[in-house]
Protein chains: 2
Amino acid sequence: MKDRMTPAARMTGHTQRGQCAKRMSILDSAADVFCRQGFAGASIDEIAAVACVSRQTIYNHYREKETLFVAVVEDVMNRANAMLFSVLSTFPERADDLEDELTAFAVRLNKNCICNHDGKFLRKLVQTEGERYPHLFESWRQQGPGKLITALSALFARLAHKGALVIDDFDVAARQFVALGNADLQMMILLGATPTDEELEKAARNAVRTFLKAYGRPEAEQAGHPSQLAAISG
Amino acid sequence: MKDRMTPAARMTGHTQRGQCAKRMSILDSAADVFCRQGFAGASIDEIAAVACVSRQTIYNHYREKETLFVAVVEDVMNRANAMLFSVLSTFPERADDLEDELTAFAVRLNKNCICNHDGKFLRKLVQTEGERYPHLFESWRQQGPGKLITALSALFARLAHKGALVIDDFDVAARQFVALGNADLQMMILLGATPTDEELEKAARNAVRTFLKAYGRPEAEQAGHPSQLAAISG
DNA sequence: GACGTTTTAGACAATGGCGTCTAATTTTAC
DNA sequence: GTAAAATTAGACGCCATTGTCTAAAACGTC
């Protein structure tokens with residue numbers, strides 16, 4: 001049904017040759033199956049089939065199902081955290097065009113960190129298996145979402161220091177920025193659906209407008225986009 | 001470990017006697033086990049043990065595991081929707097003390113609809129089994145969250161009509177109200193943890209303050225709570 | 001107290017998944 | 001080309017689970 005990529009096609013970019021190729025194919029396919037079926041529902045045979053690999057090869061790399069699962073989660077967590085900080089590094093420095101820049105940033109955050117494949121995987125697995133593997137996801141929680149909020153609040157603090165924003169509690173503002181960014185996408189996020197670019201853009205625009213209404217410097221707000229209110233109603 | 005209630009103690013209020021008691025005990029226990037283990041990981045024997053009921057009794061009421069699962073989900077969905085509309089009916093009518101009243105409302109919403117047992121169950125199951133039972137959860141999505149936003153936006157429209165709020169897009173505002181309410185609790189919600197009353201209160205307070213900064217009538221905002229900014233920083 | 005219904009415990013076959021093993025085959029390294 | 005390493009297909013034992021069946025026990029009602 002859903003056209004699945006062959007493992008060769010799946011590994012884009014530099015082709016790690018040798019055993020590493022199989023390893024990555026296994027990790028990728030296992031992530032896919034674990035995500036769809038959960039730990040209990042995923043069968044090694046299905047993972048092997050998706051990875052185009054024999055079952056023994058999997059047991060060759062990973063002692064047992066649980067070992068594979070932990071490796072998959074750690075792999076996805078590392079990718080997700082790397083992507084998160086890559087996106088964080090694009091946070092707008094200058095305060096000109098703050099609405100547009102923050103909107104573009106929110107789009108990147110939602111698209112590459114929250115609505116993407118890895119984000120869906122982690123949400124699902126943290127919810128379903130989080131209680132069974134507390135320490136496994138705890139480290140992710142601290143290094144991923146935890147640091148996101150810390151970093152975001154520091155960045156907002158800089159913008160506030162420059163006079164572009166008026167914020168009383170940076171930490172709360174950071175969390176609210178992320179929450180507002182998800183507001184229009186919550187059901188899609190829950191269902192694991194992928195929003196279109198227009199949906200992403202619109203959600204981010206709505207979020208940033210409200211965020212700036214709450215935290216923006218009053219005079220800058222109206223000076224920047226005088227036609228704002230008129231444009232929304234359409 | 002976690003002290004489980006005996007099935008008799010679990011059914012509060014009017015004691016439906018006869019087979020109905022067993023039925024409810026089975027539904028309750030099955031919800032518990034399905035929520036913890038997922039559909040694939042849940043075993044009928046464990047459900048029977050938790051319900052203090054023999055396995056055959058379960059098969060007596062429900063033809064097979066899937067039948068039981070569907071019944072459980074429908075049961076929880078009905079309870080959750082009923083609770084949602086019960087909470088919705090407490091939305092503040094008058095515009096006096098809007099911050100306090102909206103905060104109390106947000107606390108009720110989070111506590112009784114989102115962070116409670118049923119909310120956790122539905123989030124988990126929608127994510128893990130939603131793709132396998134599309135129509136089952138689709139009806140919930142429409143009648144639960146869908147109607148929540150519709151109703152909330154209508155209620156906000158009334159407040160705006162009274163001049164208590166300044167809102168351009170009621171639908172967006174409704175979604176943002178809910179999203180802001182979750183902002184400080186997102187990780188707890190993801191983990192299925194239960195926030196304390198103080199955490200609920202603080203999260204709702206932060207949310208409503210920001211919501212009113214964005215959508216509150218400018219003069220009402222400062223007139224109502226002049227010491228607001230000073231109080232937050234502590 | 002007697003009768004019909006419900007529940008119970010346990011046995012049972014069937015299924016499917018996990019993890020091991022082996023022997024053959026392919027790939028890689030030199 | 002050859003030797004070592006990796007991979008493969010398939011068979012295998014083991015165990016957990018599903019769903020059925022049966023005979024005994026408990027329950028509720030009259």
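If you're wondering where the values come from, they're calculated on a predicted model, not measured in any experiment.
The backbone N or O of A:N60 sits nowhere less than 3.5 Å from a side-chain atom of A:T57 that would complete a donor-acceptor pair.
To the nearest angstrom, P of D:dT7 lies 11 Å from CD1 of A:I58. In this structure, A:K22 atom NZ and C:dT28 atom C1' are separated by 13 Å, rounded to whole Å. Taking atom NE2 of residue A:H61 and atom P of nucleotide D:dT8, one finds them 9 Å apart after rounding to whole Å. Look at OH on B:Y62: it is 11 Å from P on C:dT7, rounded to the nearest Å.
The shortest side-chain heavy-atom distance between A:F105 and A:L152 falls under the 4.5 Å cut-off.
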B/S/- contact track for nucleotides 9-27 of chain D, protein heavy atom under 4.0 Å:
B-B------BBBB------

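With sequence neighbours left out, the side chain to side chain donor-acceptor pair (under 3.5 Å) criterion links A:D184 to A:N206, B:R175.
In this structure, B:F34 and B:F39 have parallel ring planes: the angle between them is below the 30° cut-off, well short of the 60° mark. Relative orientation of the A:Y215 and A:F211 rings is tilted, given thresholds of 30° and 60° on the angle between their planes.
At C:dT7, one or more side-chain N or O atoms of B:N60 fall inside 4.0 Å of OP1 or OP2 (strictly under the cut-off).
Atom OG1 of B:T150 is separated from atom CZ of B:F170 by 14.0 Å, given to the nearest 0.5 angstrom.
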